[in-house]
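Following: one structure in structure tokens, then a few remarks.
The analysis underlying the following values was restricted to heavy atoms, covering all of them including side chains, and did not include hydrogens, waters or symmetry mates. First the proteins, then the strands, lettered A, B, ... as listed; each starts at 1.
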Amino acid sequence: MNRIVDLITKELQAAFAAKAYPTDMVTASVSNRPDLCEYQCNAAMALAKKLGKKPIDIAKEVAEQLQHSELLGKAEAVLPGFINMDLDPRALRIYLQEMAKAEHYGVPKGAKRRIVLDFGGPNVAKPLHVGHLRSAVIGESIKRILRFNGDEVIGDVHLGDWGLQMGLIIEELRDRKPDLVYFQEDFTGEYPQEAPFGISELEEIYPAASAKTKYAADASPEEKERAEAFKARAMESTLKLQNGDKACRAIWRHIIAVSVGDLQKNYERLDVHFDLWKGESDAQPYIPALIEDLEKKGLAYESDGALVVDVMTPEDKMEIPPCLIRKSDGAALYATSDLATIVERQKLYHPDAMIYVTDIRQSMHFNQVFRVSKKAGLVEEGQDLVHIGFGTVNGKDGKPFKTRDGGIMRLENLMDEVCGCVYEKIRANRSIEEKEARKIADIVGLAALKYADLSNQASKDYIFDMDKFTAFEGNTGPYILYTIVRIKSILAKYEKTAARQADVEDLEPARTGSEKNLSLELARCNDVLGSAYTELAPHKICQYIYALANAFNSFYHEVNILSKEDEQEKRSYLALISLTKDVLLSCIGLLGMEAPDYM
RNA sequence: GAGUCUGUAGCUCAGCCGGAUAGAGCAUCGGCCUUCUAAGCCGAGGGUCAGGGGUUCGAAUCCCUUCAGGCUCACCA
């Protein structure tokens, strides 16, 4: 299905052609001056220079030609050479009816690609914090947007379940519980199925272990020695784990099991879902062959004892350091792991694209990894590697977001706090029983949190302001939900008394300004959803639904639908707001939000 | 130091592959609830789009430059 601007563009091009003007730069766009017109065309001004004519003359000729259009109710030339157009209300009605009946509102289907989407990226044994919120929320939204447009998406949480952190946890555990069978050298039996720790203990172990390896610049020699010794033990354990040591493996499996259980609970609450719960460890088997391959191809070479691959090309203006794939002590690194993961994904899924949603500070890393992948032929021509980097969540002071006492804000505490605020608000404003209020507060609170994150451009840092996000006025998730609830309420009330529901066939040409405005907003939904898809930009959807919600609320205040005497007129309005509700619900679905029936 | 991103109203942000008078929200001020949820609507004030130069009929938007800030820059992930 064509977008509405495409339909107008076609008419414009025909009109330009009829007057013997070139049409290649002729396009219609939504007006940036809604007080003057609904759609505009600026081509006459661009053409004028080339043809040595006055822009207004060209515009006038074309506008004249457009007078017979069935699509346009108005077409006029305005100085210096704009062509201002309004849609014919009847044409708009027909467009909306077709749009409503089309699959996905007529958003053009994508190429049906298969995509591996790497998001979430939590570390095992560490609680989720605000930083993980972004990857989860943006990733989930992108997943839904891709699927909406016809792509097959495989979402992988890609756990940080490998590396030194594992050794640290094992050694800390040894210090705490030296009697465990895992630490008995002569133990030959089967290790227990049950983990020797719970999630809260595990979450405490890692920071404690990490702290043990650090020392202040002015630390005493003994302190330094103790820290270094502990670190050395951790590295040794890590190596043992990597070499398949039974005891280390057993503990490691416990760590994963306990941790993943907790992660799943948190992601479930966020309504964020993964198809794969793979981790860095899954890529390890591919590393030896990968390194061999890179060496055989003459790409990897030794430098200062480490194995590296050059990734700079002569065209590069900036310096890109070589990609390190093996440390001088023989251990693999982050890049190695990600390269091996690409090999693995290639083998298992052979996707058309791999998309990574991570902190933007990792963009150099992905740049390097992608370059090595292409250079080494790990991916083929036409397979895309994309990094979507998101900015940092900062506090009001502009520094990374912390709790009031300076600690790391856990994601579940954040969710609790936001939902708690919503609960208070609901109880204060509405008479709803407690249980119901809790349920609604959870839906609305999460929407507030997600919308706040998604409505900012992903790549930019944003300031997390708890007061602002729980205020629920203006451009917020709750405002959008409130709008949907209002519509649901009207429709429900009507359904109780009416013989049948209103549907798109009942739609009539817009009568009033606010009604036309709402219709116009609805008509561009496929345009917006299309560009949100090509640009992988959830914030465009936020912008759109905010405008759509505004348009509805204006209409709502201008027209009291249910009090209309004329049944046909009433049905027409109901059809319009019903479509509005459907579009809003589809859009918030793409953002990973849902709406309650009342709030 | 090199590279990169950012700088738009008091605050938080849109707009950035060039178009008309630079938009929202919050905050401030003024209206609107016996009528479909006032978590709403209508209105007012508030700007050297960091500074300077250039390209263009036209620049917040493209190019150059200065300033300020963030981030990255080989054995962490």
Side-chain angles (χ1 to χ4, degrees), chain A residues 29 31-33 35-37 40 42 45-46 48-49 54-55 78-82 84 121 123 160 162-165 280 303-308 316-335 337-338 358-365 367-368 389 391-392 394 396 398-399 422 425-426 428-430 444 452 455-457 459-463 465 467-468 471-476 478-479 481-483 485-494 514 539-540 542-543 546-547 549-550 553-564 573-574 577 598-599:
Chain A
S29 57
S31 169
N32 56 2
R33 285 292 302 275
D35 53 320
L36 300 178
C37 59
Q40 68 184 78
N42 308 330
M45 288 175 291
K49 180 83 174 177
K54 279 190 187 161
V78 178
L79 281 168
F82 295 99
N84 290 350
N123 285 313
W162 205 245
L164 183 62
Q165 47 167 336
E280 291 176 310
S303 167
D304 293 336
L307 198 64
V308 303
D316 283 321
K317 269 187 287 179
M318 65 169 175
E319 193 173 328
I320 302 174
C323 183
L324 262 169
I325 56 168
R326 194 177 61 206
K327 297 203 290 183
S328 44
D329 68 0
L333 293 114
Y334 186 31
S337 184
D338 268 345
T358 78
D359 194 300
I360 199 164
R361 283 172 293 192
Q362 295 185 25
S363 48
M364 175 66 91
H365 161 75
N367 191 357
Q368 290 177 311
T392 313
N394 290 327
K396 278 189 193 174
K399 285 184 236 156
V422 180
K425 194 126 189 167
I426 291 174
N429 293 339
R430 309 273 187 261
V444 177
S455 57
N456 286 292
Q457 256 186 69
S459 65
K460 289 191 181 179
D461 295 351
Y462 76 92
I463 293 187
D465 182 340
D467 299 334
K468 182 182 161 189
F472 305 157
E473 293 153 351
N475 191 5
T476 60
Y479 172 75
L481 298 189
Y482 180 66
T483 305
V485 164
R486 275 183 150 178
I487 300 175
K488 280 185 174 179
S489 168
I490 298 172
L491 293 175
K493 203 164 249 183
Y494 178 74
S514 65
H539 83 278
K540 297 225 158 181
C542 293
Q543 250 173 274
Y546 182 54
N550 276 329
N553 280 315
S554 295
F555 171 67
Y556 173 93
H557 280 273
E558 190 179 300
V559 179
N560 190 310
I561 298 168
L562 294 181
S563 67
K564 290 292 168 206
Y573 293 144
L574 288 164
I577 67 168
Y598 58 96
M599 61 189 269

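- Regarding contacts with the backbone of B:rU37, every side-chain N or O of A:Asn553 stays at 4.0 angstrom or more from both OP1 and OP2.
- No donor-acceptor pair under 3.5 Å is formed between the side chain of A:Asn367 and the backbone N or O of A:Ser363.
- Side-chain nitrogen and oxygen atoms of A:Arg361 include none within less than 4.0 Å of the OP1 or OP2 phosphate oxygen of B:rG70.
- Distances shorter than 4.0 Å separate some side-chain N or O of A:Ser554 from OP1 or OP2 on B:rC42.
- When the nucleotides B:rU37, B:rA14, B:rA20 are ranked by their closest atom to the side chain of A:Arg33, B:rA20 comes out on top.
- The separation of B:rC67 from B:rG53, taken at their C1' atoms, amounts to 15 Å, rounded to a whole angstrom.
- Note on A:Ser563: every side-chain N or O is 4.0 Å or more away from OP1 and OP2 of B:rU35.
- What separates CD1 of A:Ile426 from C1' of B:rU37 is a distance of 13 Å, to the nearest Å.
- Across all strands shown, the partner of B:rG30 is B:rC42, judged by Watson-Crick or G-U wobble contacts whose two distances both fall under 3.5 Å.
- Residue contacts shown for A:Asn32 include a base, since a base heavy atom lies under 4.0 Å away.
- More than 12 heavy-atom neighbours from other residues, nucleotides or ligands sit within 6.0 angstrom of NZ on A:Lys488.
- Regarding A:Lys488, its NZ atom lies at a distance of 16 Å from the C1' atom of B:rC36, rounded to whole Å.
- B:rC73 and B:rG1 make up a base pair, with Watson-Crick or G-U wobble contacts both under 3.5 Å.
- Here A:Phe82 lies parallel enough and close enough to stack on the base of B:rA20, with planes under 30° and ring centres under 5.5 Å apart.
- Interface remark: the A:Asn84 side chain does form a donor-acceptor pair with the B:rA20 base, using a distance-only criterion of under 3.5 Å.
- Across the interface with RNA chain B, nearest-nucleotide mapping of A:Met45 and A:Tyr598 shows A:Met45 to be the residue nearer the 5′ end.
- Summarising the geometry, the separation between CD1 on A:Ile463 and P on B:rG7 is reported as 13 Å, rounded to the nearest angstrom.
- Counting distance only, with no hydrogens placed and no angle test, the side-chain atoms of A:Asn560 and the base atoms of B:rU35 include a donor-acceptor pair under 3.5 Å.
- Between A:Met599 and A:Val422, every side-chain heavy-atom pair lies at or beyond the 4.5 Å cut-off.
- The nucleotide whose nearest atom lies closest to any side-chain atom of A:Lys493 is, among B:rC36, B:rC41, B:rA20, B:rC36.
- The nucleotide whose nearest atom lies closest to any side-chain atom of A:Lys460 is, among B:rA14, B:rU21, B:rC36, B:rA14.
- B:rG15 atom P lies 15 Å from atom OH of A:Tyr546, rounded to whole Å.
- Residue-level contact check: A:Val422 touches neither bases nor backbone, having no heavy atom under 4.0 Å from any strand.
- Atom-to-atom, OH of A:Tyr462 to C1' of B:rA14 comes out at 16 Å; the value is rounded to the nearest Å.
- Taking only side-chain nitrogens and oxygens, A:Arg430 comes nearer than 4.0 Å to OP1 or OP2 of B:rA39.
- For A:Gln543, counting side-chain heavy atoms from C-beta on, the closest listed nucleotide (B:rA77, B:rA38, B:rA14) is B:rA14.
- Set against B:rU6, B:rU72, B:rC73, the side chain of A:Pro321 has B:rC73 as its closest nucleotide.
- Remark: B:rU6 base-pairs with B:rA68. Criterion, Watson-Crick or G-U wobble with two distances under 3.5 Å.
- Distances shorter than 4.0 Å separate none of the side-chain N or O atoms of A:Tyr556 from OP1 or OP2 on B:rU37.
- Of all heavy-atom pairs spanning A:Ser514 and A:Phe555, the tightest one is OG-CA, 3.5 Å.
- Rounded to whole Å, the distance from NZ on A:Lys396 to C1' on B:rC13 is 16 Å.
- Put simply, the side chain of A:Phe82 reaches to within 4.5 Å of the side chain of A:Asn42, judged on heavy atoms.
- The partner of B:rC36 is absent, by the rule that a Watson-Crick or G-U pair needs both atom distances under 3.5 Å.
- Using a 4.0 Å heavy-atom criterion, one finds that A:Asn550 contacts the sugar-phosphate atoms exclusively.
- Side chains of A:Tyr573 and A:Asn560: a donor-acceptor N/O pair is absent below 3.5 angstrom, by distance only.
- Looking at the side chain of A:Lys425, the nearest of the listed nucleotides B:rU21, B:rA24, B:rA39 is B:rA39.
- Taking atom P on both B:rU66 and B:rC26, the two are 41 Å apart, rounded to the nearest angstrom.
- Residue A:Tyr479 places at least one side-chain N or O under 4.0 Å from the OP1 or OP2 atom of B:rC41.
- Here the side chain of A:Gln362 pairs no donor or acceptor atom with the backbone of A:Gly389 at under 3.5 angstrom.
- In this structure, A:His365 does not reach the B:rC73 phosphate: none of its side-chain N or O atoms is under 4.0 Å from OP1 or OP2.
- When distances run from any side-chain atom of A:Ser489 to the nucleotides B:rU37, B:rA39, B:rA77, the shortest one goes to B:rU37.
- In this structure, a donor-acceptor pair under 3.5 Å is absent between the side chains of A:Ser31 and A:Asn84.
- Of the candidates B:rG40, B:rU12, B:rC57, B:rU12 carries the atom nearest the A:Lys468 side chain, counting heavy atoms from C-beta on.
- Judged by closest nucleotide on RNA chain B, A:Met599 is the one of A:Met599 and A:Trp162 placed further toward the 5' end.
- Using N1 to N3 plus N6-O4 or O6-N4 for Watson-Crick, or N1-O2 and O6-N3 for G-U wobble, each under 3.5 Å, B:rG23 pairs with B:rC13.
- Nucleotide B:rU72 holds its P atom 13 Å from the OH atom of A:Tyr334, rounded to whole Å.
- Rounding to whole angstrom units, CD of residue A:Gln457 and P of B:rG15 are separated by 5 Å.
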